[in-house]
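These notes concern the structure reproduced below.
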Amino acid sequence: MFIKNLQVFNYKSYLDSGLIEFSPGINIIVGRNHAGKTSLLEVLTLNFENHPHRSLKTLPNKLLNIEEESKIEITLHLQKEELRNFIKYYLPQFLLPLPYLDNIGDEIYLYYIQGYSDREYDFNYENIINHVVNKAFQSFKSFVQSTEDIELKLRICCDNRIDNSLEDKLTNFSTYPHISSSKYFYRVLCDKSDNMHLEEDSVYDIYYDIEEKYKNEKTFVKHLGKLKETIGYKVLDIFENRIYMFRAERLNIGVCKFEKVNHSVLKSDASNLAEVLFILQQKIPGKFSQFNELVSRILPEIKYISVRIKDDSVVEIFVWNTENLHRDDLSISLSSSGSGVSQILAIVYILVSSDQPRTIIIDEPQSFLHPGAAKKLIETIKQFPQHQYFIATHSPEIIASANPSNILKLQYQDCETTASVINTNEIKSQNEILAELGVRLSDVFGADNILWVEGQTEEKCFPLVLEKVASIPLMGIKILSVNSTDALLDGKRSDLVFDIYKKLTTGATLFPPAIGFIFDRENKTEAKIQELEKRGANFLRLPMYENYLLDPESISMVINEEARWLETPISITQVQEYLDKIKQEKSYLLQGVKREQISDNNWLYKIHGAKILESMFQELCENKLEFRKTKHSYKLTEWLVENKPDFLSELAEELGNYLKKNQ
């Protein structure tokens with residue numbers, strides 16, 4: 001049994017979440033702080049308080065009060081085999097509603113023509129009711145024995161109250177698809193042989209306000225039942241007791257009373273962890289050994305967990321940080337252990353001991369676990385796919401490790417939380433996009449926008465120029481290099497590659513929208529540039545980034561810092577003379593540029609700045625210093641930003657204007 005979908009109404013930041021679909025495996029919930037992640041986890045426990053949504057939509061002025069309560073609509077998915085097991089092992093008796101009997105004449109006629117009466121008006125209501133009860137019971141038995149899966153839709157109000165507006169479907173599993181249920185119920189008894197039969201005098205009425213025309217027919221009312229005795233409510237109760245939520249807080253569950261009833265089921269708040277672990281340790285040593293193995297795998301510092309009886313009524317959990325299990329004096333109480341250990345012990349116990357599926361909810365595991373431990377926890381729960389997991393996180397490492405069935409992305413805007421689901425196929429597609437782009441999830445996750453640039457040099461240097469020279473804080477903008485500029489701009493598959501990048505801006509995605517693309521002009525004709533600009537690409541004013549770095553002072557400083565073996569440091573004059581020589585000789589021109597096209601005013605627009613720096617480093621340093629773009633262009637940028645920011649002012653203005661235009 002698992003939660004198939006959910007809709008949240010009037011709860012905290014949710015006015016109406018819309019229908020949210022879940023999968024039976026690992027469901028990852030992502031979103032920024034205050035996006036509503038924890039609120040969603042709270043309602044998934046099916047036990048939440050009344051916190052009406054507060055915004056101008058619900059409170060247009062201060063004089064109004066919000067009367068509508070917080071509530072959810074949730075659909076549970078069951079296999080018929082699960083329902084049969086519930087009936088066999090957990091529901092020795094339950095109530096089912098009769099079909100609605102207001103049109104009693106039809107039942108009288110049916111009773112008559114089937115030969116139950118010798119005379120047309122020789123009948124009594126009790127016989128008719130018994131006739132209807134048997135018909136309904138046979139219908140339910142057929143329903144239980146069929147193979148279709150079941151979807152149980154519930155409307156749950158705050159404080160764990162069921163909204164009776166969906167009572168009929170809840171209490172009879174829609175076994176009367178074309179007939180509504182009445183106020184009358186019959187009691188079904190079950191045994192371990194998987195047999196069901198009716199209790200004698202099985203009709204119950206759960207309402208005190210019996211309709212006027214039935215008031216005097218006491219044969220209808222054998223007892224007054226309770227709505228929570230119905231099968232739908234009992235199944236819901238079983239499901240709710242199998243939900244566990246682990247918050248990002250220290251759990252004080254190291255000690256508890258030992259009830260001596262051999263109760264091995266962990267409570268939903270994990271308060272009896274010491275008791276159930278003690279029973280596991282005593283009765284099923286194989287599973288207890290598996291429990292310890294998994295705990296040590298997640299937290300290698302912990303070598304063993306044991307449980308001791310403190311007195312006749314109290315048991316306590318102890319943590320062993322040494323492999324010497326003969327020294328009990330070296331073990332420490334769980335209460336004295338680090339934060340997160342209690343959560344790990346409780347989660348692993350559920351994984352190891354639960355024969356039936358459970359719902360495990362974990363809020364921000366990275367906040368109480370080391371990143372390595374959090375990843376190992378995710379790898380561990382993947383070994384137990386029978387359970388349904390809901391994990392709220394902002395950790396890209398956890399998302400990548402989980403390989404989730406789907407990801408729910410929450411966004412908070414205009415005082416409301418909205419949700420969009422990224423399904424398995426989309427996750428696979430986006431992983432392929434990541435591989436195609438040559439970036440990791442951690443590179444893009446959590447950014448507001450992405451600016452795609454030429455290469456790793458620009459990826460490192462542009463933030464410096466924007467923040468230090470243009471005084472534009474990036475504030476969530478990430479600058480990333482494309483995997484292959486040639487494939488994107490010049491290759492036969494450039495259209496396809498552009499489409500891949502464009503996917504970053506559409507639909508439900510883990511990726512933030514792209515601000516755009518800004519690349520070098522190097523070796524591209526004006527016609528080609530215009531064509532690419534129509535697809536969304538933009539280009540620097542100069543042919544490449546290194547053309548902006550040809551400052552003699554910064555170059556001499558970087559060379560001298562690197563080439564410490566030089567007996568005489570390289571002077572600014574030497575660098576300037578080298579640049580003047582290249583300018584005079586009109587060398588290192590871009591492909592297709594003719595010498596007669598060069599002038600003092602356009603020289604920087606026609607040269608290959610990176611090749612000039614490569615030759616300069618080699619020639620001035622006795623062929624011992626190789627110019628490396630990602631290293632030395634960054635050093636040049638760093639020095640200019642700190643000592644000569646005006647030299648980069650035109651580039652800073654260019655980049656700043658581009659960001660402002662595209663944000």
Side-chain angles (χ1 to χ4, degrees), residues 76 78-117 123-153 164 166-207 210-211 214 217-238:
L76 305 182
L78 297 86
Q79 295 179 334
K80 277 291 174 60
E81 186 62 32
E82 287 181 287
L83 180 60
R84 288 192 283 270
N85 287 335
F86 285 148
I87 292 173
K88 184 174 182 178
Y89 296 108
Y90 302 107
L91 305 176
Q93 55 181 303
F94 53 84
L95 300 183
L96 275 173
L98 289 169
Y100 192 57
L101 297 179
D102 189 40
N103 193 3
I104 195 71
D106 291 342
E107 293 299 334
I108 294 172
Y109 178 70
L110 182 63
Y111 183 76
Y112 172 73
I113 64 173
Q114 289 182 342
Y116 291 100
S117 173
F123 65 88
N124 63 61
Y125 285 101
E126 186 167 6
N127 287 340
I128 295 173
I129 291 296
N130 287 334
H131 165 66
V132 176
V133 165
N134 278 285
K135 281 176 52 182
F137 177 60
Q138 294 304 320
S139 174
F140 179 72
K141 285 184 69 175
S142 299
F143 167 76
V144 171
Q145 294 305 318
S146 64
T147 57
E148 306 93 355
D149 289 353
I150 312 165
E151 290 187 0
L152 178 58
K153 186 173 183 179
N164 291 342
L166 294 178
E167 165 197 315
D168 289 347
K169 290 186 177 181
L170 171 62
T171 54
N172 71 11
F173 283 98
S174 301
T175 49
Y176 318 132
H178 305 298
I179 308 173
S180 62
S181 303
S182 72
K183 299 177 180 179
Y184 301 98
F185 289 71
Y186 60 94
R187 185 179 294 278
V188 178
L189 303 180
C190 313
D191 59 36
K192 296 298 182 183
S193 300
D194 206 13
N195 294 321
M196 294 184 293
H197 58 277
L198 288 171
E199 183 185 45
E200 187 178 354
D201 296 334
S202 66
V203 180
Y204 289 75
D205 182 19
I206 66 167
Y207 291 90
I210 304 172
E211 294 180 29
Y214 295 140
E217 299 299 334
K218 300 300 182 184
T219 55
F220 278 82
V221 187
K222 303 299 183 183
H223 302 283
L224 285 172
K226 294 180 179 178
L227 195 59
K228 289 197 173 182
E229 292 183 59
T230 59
I231 184 171
Y233 280 86
K234 287 195 172 188
V235 169
L236 173 62
D237 186 58
I238 292 171

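Just so it is clear, the model here is predicted, and its values are computed rather than measured. For this chain, numbers begin at 1 and follow the sequence in order.
- Distance check, rounded to the nearest 0.5 Å: CD of Gln145 to NZ of Lys141 gives 8.0 Å.
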Mind running side chain to side chain contact (heavy atoms under 4.5 Å, CB included) on Leu83 and Phe143 for me, showing each step along the way? CA-CA 11 Å; Leu83 180 60; Phe143 167 76; 3.9 Å; yes
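- Here the CE atom belonging to Met196 is positioned 12.5 Å from the NZ atom belonging to Lys88, to the nearest 0.5 angstrom.
- Taking OH of Tyr233 as the start and CG of Leu95 as the end, the distance is 12.0 Å to the nearest 0.5 Å.
- Put simply, CD on Glu229 and CD1 on Ile231 are 13.0 Å apart, with the number rounded to the nearest 0.5 Å.
- A distance-only check finds no donor-acceptor pair linking the side chain of Ser139 to the backbone of Lys135 [under 3.5 Å].
- We find the NZ-CG distance between Lys234 and Leu236 to be 13.0 Å, quoted to the nearest 0.5 Å.
- The heavy-atom pair separating Gly232 from Leu152 by the smallest distance is O-CD2, 4.2 Å.
- Here the CG atom belonging to Leu96 is positioned 8.0 Å from the OG1 atom belonging to Thr230, to the nearest 0.5 angstrom.
- We find that Glu148 and Lys80 are joined by a salt bridge, their nearest charged nitrogen and carboxylate oxygen being less than 4.0 Å apart.
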Report the C-alpha distance between Phe94 and Val235 in whole Å, list the side-chain angles of each, state the deciding distance to 0.1 Å, and finish with yes or no for side chain to side chain contact (heavy atoms under 4.5 Å, CB included). CA-CA 10 Å; Phe94 53 84; Val235 169; over 6 Å; no
